[in-house]
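Remarks on the structure that follows.
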Amino acid sequence: MATPLVSIVILNWNGRNFLQQFLPSVLATTYNNKEVVVVDNASTDDSVAYLQQDWPTVRIIQNEANFGFAQGYNEGLKHIQADYYVLLNSDVEVTPTWLDAMVELLEKDRAIGACQPKLLQYDNRELFEYAGAAGGWLDYLGYPFARGRIFDVCEKDEGQYDAAVPIFWASGAAMFVRANLYHALGGLDEYFFAHQEEIDFCWRLQLAGYKVFACPQSVVYHVGGGTLPKGNARKVLLNFRNNLVMMAKNLPWYEAIWKISCRFWLDYISAIKSLISGQKTYYRSVMKAHGAFLKWLFVSRKKGLFPPKKKNELNGYLHKSVVWSYFVKDKKTFTEIVDNKA
C-alpha cells in the first residue's frame with residue numbers, strides 16, 4: 001500500500017534565524033513520502049534568498065503581503081496537493097520519527113480529522129509547552145487549556161498524558177490535518193488573523209462529525225512566542241477578541257448569549273486588576289477587544305466561517321469553569337481539574 005503524501009508547511013515571516021536553526025531537523029524527518037514547503041508572508045529579511053541558496057529542495061510559496069497566520073496558511077495551501085498537511089511553526093524542532101505515529105493514527109481511523117504531537121518546551125525539555133502541551137481542551141466559558149498546561153502553569157512531562165485520546169483542539173504550532181477536510185471546512189477563519197484560529201477550526205471540525213486527537217507518541221520541541229512577545233498589546237487584543245468571536249460562531253445562540261455576557265464580566269475584572277497593578281496596556285487591549293468583537297457582531301459578521309450545525313457531542317469539553325477550579329479551588333493540574341476524566 002502506498003504511503004500517504006504529507007506536506008510539512010511552515011509559515012514564515014522574517015524568521016530567517018528560526019529557519020536556519022530548525023529546518024535541518026524538519027528535513028531529517030525519516031518518513032519517506034513527504035515534502036517541505038515554506039509559505040513566506042512577504043518577509044522583509046533575507047529568508048527567501050537564504051532558502052533558495054541553502055535549501056534548494058524546500059519548495060517556496062510567496063504570499064503578496066503579511067496575511068497573518070490564518071490567511072497566510074489558506075493562501076499557501078491552495079497551491080499544495082497532499083493527503084495530509086502539517087501546519088508547523090518555524091520555531092519547532094522535530095524528532096526524526098515524529099510523522100510516523102500521526103500518519104498511522106489517522107490512517108487507522110477515518111473519523112479523526114486532525115491531531116497534534118506532544119509539545120515540550122525547547123529550552124526546558126522536561127516541561128510541557130504552553131501552545132498545546134499534550135492536547136487542547138476548552139471549558140464551558142470558552143477558556144482554552146491543555147493536558148499539561150493550565151493558564152501559565154506548565155507541568156513536568158512524566159508520561160501522565162501519553163495516551164492517544166480525543167481532545168478539543170490541536171495546537172496550530174504543529175497541527176496534522178487531512179488536506180481534503182481542511183479545504184472542505186474553508187480552512188482557518190481569516191478574520192482571526194492570528195491566535196485561536198486553530199481552536200475555532202477544530203470546533204468546526206468536531207461539529208462536522210470528526211474527531212481531534214492527541215498523538216503523544218510523536219514529540220516536538222517548541223520555542224513559543226516567536227512572532228509576538230507575551231503581553232504584547234496586539235496579542236492580548238487578538239486573543240480576547242478572537243475568543244469571543246469563536247464562541248459567537250460555534251455555540252447555539254441561546255448558549256452564546258449568556259456565556260459571552262459572563263465572559264465580558266470576567267474579562268473586565270481581569271482588565272481592572274491589571275489596571276490597578278499598573279498594566280495599562282493590557283487593560284486598553286481588553287477594552288479594544290470588546291469593542292472589536294461588538295463591531296464584528298453587528299457590522300462584519302458575514303466575514304466569518306460558520307459551522308453548518310451547532311450541536312454535537314464534543315470531546316475535550318469541560319462542563320464547568322477552569323477559572324473557578326484554578327483560582328478558587330486551587331487545582332493546578334489538568335488531571336485535578338477534569339476529575340481524572342482525562
Side-chain angles (χ1 to χ4, degrees), residues 119 127-156 158 160-161 165-171 195-196 198-200 202-203 206-207 212 214 230-231 235-277 279 282-283 285-287 289-290 293-294 310-342:
L119 274 83
L127 297 180
F128 286 106
E129 204 277 317
Y130 180 89
W137 274 55
L138 198 76
D139 89 340
Y140 82 130
L141 290 177
Y143 287 100
F145 61 106
R147 301 187 333 148
R149 191 272 295 170
I150 312 294
F151 294 107
D152 289 340
V153 176
C154 295
E155 293 176 44
K156 187 176 180 181
E158 296 173 325
Q160 67 271 47
Y161 306 120
V165 293
I167 53 176
F168 192 94
W169 54 273
S171 172
H195 298 295
Q196 303 205 26
E198 79 269 45
I199 305 178
D200 170 70
C202 290
W203 199 338
Q206 287 206 68
L207 290 173
V212 183
K230 197 167 175 256
K235 187 172 187 173
V236 172
L237 188 154
L238 289 170
N239 264 314
F240 277 87
R241 182 200 72 177
N242 291 352
N243 189 270
L244 293 167
V245 169
M246 175 178 76
M247 290 170 72
K249 284 173 53 180
N250 295 299
L251 286 170
W253 67 268
Y254 49 88
E255 281 187 51
I257 290 170
W258 76 264
K259 288 182 177 180
I260 290 170
S261 300
C262 284
R263 277 301 304 276
F264 259 67
W265 279 108
L266 288 166
D267 290 356
Y268 191 63
I269 291 165
S270 168
I272 290 292
K273 278 179 70 178
S274 298
L275 186 62
I276 291 165
S277 64
Q279 295 173 283
Y282 183 92
Y283 172 82
S285 295
V286 173
M287 294 300 102
H290 283 182
F293 166 70
L294 291 171
K310 296 192 177 185
K311 261 301 184 198
N312 200 21
E313 207 46 54
L314 299 168
N315 290 309
Y317 189 75
L318 185 71
H319 292 274
K320 60 183 180 182
S321 169
V322 71
V323 175
W324 182 265
S325 297
Y326 181 89
F327 290 104
V328 180
K329 292 192 164 183
D330 200 34
K331 294 183 176 182
K332 300 300 188 218
T333 69
F334 172 84
T335 310
E336 287 175 323
I337 287 171
V338 301
D339 298 325
N340 299 316
K341 294 177 197 162

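The basis for the numbers below is simple: all heavy atoms, side chains too, and nothing from hydrogens, waters or symmetry mates. Quick caveat: nothing in here was measured; it's all calculated off a predicted structure.
The two atoms that bring Tyr317 and His319 nearest to each other are CD2-CE1, 3.4 Å, heavy atoms only. Contact detail for Leu138 and Trp169: the closest heavy-atom pair is N-NE1, 4.4 Å. Closest approach of Ala146 and Ala133 over heavy atoms only: CB-CB, 3.9 Å. The shortest heavy-atom contact between Ala248 and Lys310 is O-NZ, 3.6 Å. Shortest non-hydrogen contact noted between Ala131 and Ser171 is O-OG, 2.7 Å. The shortest heavy-atom contact between Cys154 and Glu129 is SG-C, 4.3 Å.
Under the 30°/60° scheme for interplanar angles, the aromatic rings of Phe151 and Tyr143 are found to stand perpendicular. Trp137 and Phe334 have perpendicular rings, their planes meeting at more than 60° on a 0 to 90° scale where under 30° would count as parallel. Taking the six-membered ring where tryptophan is involved, the planes of Phe264 and His290 are essentially parallel, since the angle between them stays under 30° and well short of 60°.
For the pair Lys331 (side chain) and Val322 (backbone), a donor-acceptor distance under 3.5 Å is absent. Between the Glu255 side chain and the Pro252 main chain, no donor and acceptor come within less than 3.5 Å of each other. Listed for the Gln160 side chain is a donor-acceptor partner under 3.5 Å among the backbone atoms of Glu158. A donor-acceptor pair under 3.5 Å links the side-chain atoms of Ser277 to the main chain of Lys273, judged by distance alone. Looking only at distances, no side-chain donor or acceptor of Asn243 sits under 3.5 Å from a matching main-chain atom of Gln196. Without hydrogens or angle criteria, Asp139 side chain to Leu141 main chain gives a donor-acceptor distance under 3.5 Å. Panel note: side chain Gln206, backbone Asn315; a donor-acceptor pair is recorded below 3.5 Å.
Atoms OG1 and CD, on Thr333 and Glu155 in that order, are 5.0 Å from each other to the nearest 0.5 Å. How far CG of Asn239 is from OG of Ser285: 10.5 Å, rounded to the nearest 0.5 Å. We find the CD1-CE distance between Ile199 and Met246 to be 5.0 Å, quoted to the nearest 0.5 Å. Separation of atoms CG (Leu244) and NZ (Lys259) is listed at 13.5 Å; rounding is to 0.5 Å. Between Ser325 atom OG and Ile150 atom CD1 the span is 9.0 Å, to the nearest 0.5 Å. The distance from atom NE2 of His195 to atom CG of Leu237, rounded to the nearest 0.5 Å, is 10.0 Å.
By the neighbour-count criterion of 12 heavy atoms within 6.0 Å, atom CH2 of Trp258 is densely surrounded, having more than that number from other residues, nucleotides or ligands. The 12-atom threshold is exceeded at NZ of Lys320, counting heavy atoms of other residues, nucleotides or ligands nearer than 6.0 Å. For Lys332, the NZ atom sits in a packed shell: over 12 heavy atoms of surrounding residues, nucleotides or ligands are nearer than 6.0 Å.
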### Task
Might you work through the side chain to side chain contact (heavy atoms under 4.5 Å, CB included) test for Tyr130 and Asp152, ending with a clear yes or no?
CA-CA 7 Å; Tyr130 180 89; Asp152 289 340; 3.5 Å; yes
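Under 3.5 Å, the side chains of Thr335 and Tyr161 contain a donor-acceptor pair of N or O atoms.
Two residues are said to be in side-chain contact when any heavy atoms from C-beta on lie closer than 4.5 Å; Ser270 and Tyr282 meet this criterion. Counting heavy atoms from C-beta on, the side chains of Val165 and Arg147 come closer than 4.5 Å. Residues Val212 and Phe168 fail the side-chain proximity criterion, which asks for heavy atoms closer than 4.5 Å. A heavy-atom distance below 4.5 Å is not found between the side chains of Val323 and Val328.
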